[in-house]
2 protein chains.
Amino acid sequence: MTTVTNAQLRFLDAAVDEFAEQGYGGATTRDIAARAHRSAAALYVHYPTKEDLLFAVCERAHEQALECLQAAYDSRTDPEDRLREMVSHFSVWHMDHVRSARVSQYELRALSPNHRAQILSHRREFHRVMRSALQAGVRVGVFDVDDVHRTAHSLLALGVDVVRWFDPDLESDVAGIARHNADLAVRMVRSIPREHEEPAL
Amino acid sequence: MTTVTNAQLRFLDAAVDEFAEQGYGGATTRDIAARAHRSAAALYVHYPTKEDLLFAVCERAHEQALECLQAAYDSRTDPEDRLREMVSHFSVWHMDHVRSARVSQYELRALSPNHRAQILSHRREFHRVMRSALQAGVRVGVFDVDDVHRTAHSLLALGVDVVRWFDPDLESDVAGIARHNADLAVRMVRSIPREHEEPAL
DNA sequence: GTCTATATGTTGATAGAC
DNA sequence: GTCTATCAACATATAGAC
């Protein structure tokens with residue numbers, strides 16, 4: 001896990017707000033420094049370029065979100081329970097961290113190829129965990145999924161999409177949204193016992 | 001519907017590419033003009049500010065996407081068929097117009113309050129059409145939905161989310177993705193006939 | 001690790017000729 | 001409707017003092 005000093009953290013939090021409000025291209029290092037109550041020159045001591053700052057923001061968000069998803073995975077063994085827990089917690093995390101999550105999702109194009117590759121490698125981890133949860137349910141027959149790869153993607157998207165529209169100032173029913181997404185997730189994957197037929201051995 | 005001259009269209013298409021690649025804040029009117037093989041001064045004859053250009057891009061995309069959704073709605077009457085058609089065509093539209101769709105989704109914060117309000121009003125139309133398709137299915141009992149409002153939102157999100165990751169250079173199975181989303185949509189809303197029980201009158 | 005001051009280039013937008 | 005030339009403001013990033 002990446003460690004950050006207190007001084008870095010101050011700029012990191014300021015950068016999240018500025019990038020979220022102005023977009024990466026519209027954000028200025030002056031304004032980020034001002035939000036952190038520092039001069040622009042002080043910022044450059046900790047992050048040599050504006051792009052390095054964006055990378056730090058994206059990396060922290062991806063590490064935290066993965067930790068959240070993995071913890072939910074580990075907390076249950078029953079496939080349906082586990083899926084609900086994963087989608088629900090993942091959604092809540094995105095609502096609790098809308099600004100940094102939004103930056104990490106929408107400003108990736110501004111990263112250098114090397115930095116972008118590192119973030120995409122984090123994303124493959126997300127996908128791996130979700131696929132594993134999916135396959136466990138398929139194995140015991142409670143899930144019935146045509147395309148595991150695409151479905152894992154869509155299950156993660158339920159949580160990620162929240163950052164596109166969620167506004168903590170307008171909408172506060174975080175738990176209700178999380179439950180809605182968990183309900184949809186289960187409907188998306190559950191196997192339907194057919195009528196007039198015994199379950200296969 | 002908004003009409004555009006040929007000269008405007010030239011700048012509009014250039015703006016889509018530039019905004020999509022650089023983000024609104026990172027895009028420059030010079031580069032947009034260069035993409036259109038015109039000088040920056042020529043651009044300002046047609047669009048008085050960079051923000052007006054962004055608005056024109058967003059408005060065109062929203063009008064086209066709504067037209068696509070409405071056409072799919074009108075093409076069928078069976079609720080499940082219709083839902084499949086809507087989600088599938090809506091997804092295809094977003095893949096066929098990834099760049100302008102992405103700009104319209106991710107750069108809204110740069111619009112003036114007045115312009116943003118106009119775009120959000122388009123969005124309420126999307127939602128209204130999808131809700132109507134949903135309620136028709138609930139009425140005849142083929143759909144079973146807890147929260148019509150949130151579910152309509154999630155069904156639209158299936159198509160919209162595509163612009164977050166779809167890359168026509170890497171992924172070309174547009175029809176497969178559309179079908180996957182349509183399958184998920186049906187699973188998200190269909191009512192499950194219970195075993196050992198007659199359907200309610 | 002922070003500051004003030006500044007170098008160097010770029011930006012949105014305009015003036016005025018054709 | 002397009003151009004070249006330009007303005008005034010602002011951008012990222014650095015130099016050097018404390």
Side-chain angles (χ1 to χ4, degrees), chain A residues 2-58 60 103 106-116, chain B residues 2-59 103 106-116:
Chain A
T2 315
T3 47
V4 290
T5 65
N6 272 348
Q8 284 175 325
L9 194 58
R10 178 183 275 267
F11 289 115
L12 220 45
D13 289 337
V16 166
D17 291 341
E18 180 72 4
F19 288 152
E21 283 181 27
Q22 311 292 340
Y24 176 77
T28 71
T29 50
R30 275 170 165 72
D31 288 344
I32 293 168
R35 275 185 200 264
H37 304 290
R38 292 286 183 275
S39 72
L43 170 58
Y44 283 88
V45 172
H46 302 282
Y47 297 98
T49 69
K50 185 175 139 180
E51 190 268 342
D52 282 299
L53 190 50
L54 173 64
F55 175 63
V57 167
C58 293
R60 182 175 63 155
V103 171
Y106 295 171
E107 307 293 344
L108 280 192
R109 102 206 111 215
L111 290 175
S112 70
N114 175 40
H115 281 161
R116 184 164 47 245
Chain B
T2 315
T3 48
V4 289
T5 65
N6 272 348
Q8 284 174 325
L9 194 57
R10 177 183 276 266
F11 289 115
L12 221 44
D13 288 338
V16 167
D17 291 341
E18 180 71 5
F19 288 152
E21 283 181 25
Q22 310 292 339
Y24 176 76
T28 71
T29 51
R30 276 172 166 73
D31 287 344
I32 292 168
R35 276 185 198 264
H37 304 291
R38 291 289 182 274
S39 71
L43 169 59
Y44 282 90
V45 172
H46 302 283
Y47 296 98
T49 68
K50 185 176 141 180
E51 190 269 341
D52 283 298
L53 190 49
L54 174 64
F55 174 64
V57 168
C58 292
E59 201 181 32
V103 170
Y106 295 171
E107 308 292 344
L108 281 192
R109 103 205 111 215
L111 290 175
S112 71
N114 176 39
H115 281 161
R116 183 163 47 245

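Quick caveat, the model's predicted, so the values are computed rather than measured.
- Residue contacts shown for A:Ser39 include a base, since a base heavy atom lies under 4.0 Å away.
- Distance from the side chain of B:Arg38 is smallest for D:dT2 among the nucleotides D:dT14, C:dG12, D:dT2.
- When rounded to the nearest whole Å, the span between OH of B:Tyr24 and P of C:dT11 equals 14 Å.
- Atom CG of A:Asp52 is separated from atom C1' of D:dT14 by 16 Å (rounded to the nearest Å).
- When every heavy atom of B:Thr2 is checked against every heavy atom of B:Glu59, the shortest pair comes out as OG1-OE1, 3.4 Å.
- Ring planes of A:His46 and A:Phe11: tilted class, angle from 30 to 60°.
- Counting distance only, with no hydrogens placed and no angle test, the side-chain atoms of B:Arg30 and the base atoms of C:dG12 include a donor-acceptor pair under 3.5 Å.
- As judged by a 4.0 angstrom heavy-atom cut-off over every strand, B:Ala33 is placed among residues making no nucleic acid contact.
- When rounded to the nearest whole Å, the span between OH of B:Tyr47 and P of C:dT14 equals 17 Å.
- A straight line from CG of B:Leu53 to C1' of C:dG12 spans 13 Å, rounded to a whole angstrom.
- Considering only side-chain atoms of B:Ala7, the nucleotide from C:dG12, D:dT14, D:dG1 that sits closest is D:dG1.
- Heavy-atom minimum distance, A:His37 versus A:Arg10: CB-NH1, 4.0 Å.
- Comparing C:dG12, C:dT2, D:dA11 against the side chain of B:Thr28 picks out C:dG12 as the nearest.
- Comparing D:dA11, C:dG12, D:dT2 by their closest approach to the side chain of B:His46 singles out D:dT2.
- Remark: C1' of C:dT2 and CG of A:Asn6 are 16 Å apart, rounded to the nearest angstrom.
- The A:Ala41 side chain lies nearest to C:dT4 when the options are C:dT2, C:dT4, D:dT2.
- Note on A:Ala36: nothing from the nucleic acid sits closer than 4.0 angstrom, heavy atoms only.
- When each of B:Leu43 and A:Thr49 is assigned the nucleotide of DNA chain D bearing its nearest heavy atom, the one mapping closer to the 5' terminus is B:Leu43.
- In this structure, A:His115 and A:Phe55 have parallel ring planes: the angle between them is below the 30° cut-off, well short of the 60° mark.
- Distance OH (A:Tyr44) to C1' (C:dT8): 13 Å, rounded to an integer number of Å.
- In terms of heavy atoms, B:Gln8 sits closest to B:Thr3 at OE1-O, 4.3 Å.
- The distance between atom CG of B:Asp31 and atom P of C:dA13, rounded to the nearest whole Å, is 15 Å.
- The distance between atom NZ of B:Lys50 and atom P of C:dT14, rounded to the nearest whole Å, is 15 Å.
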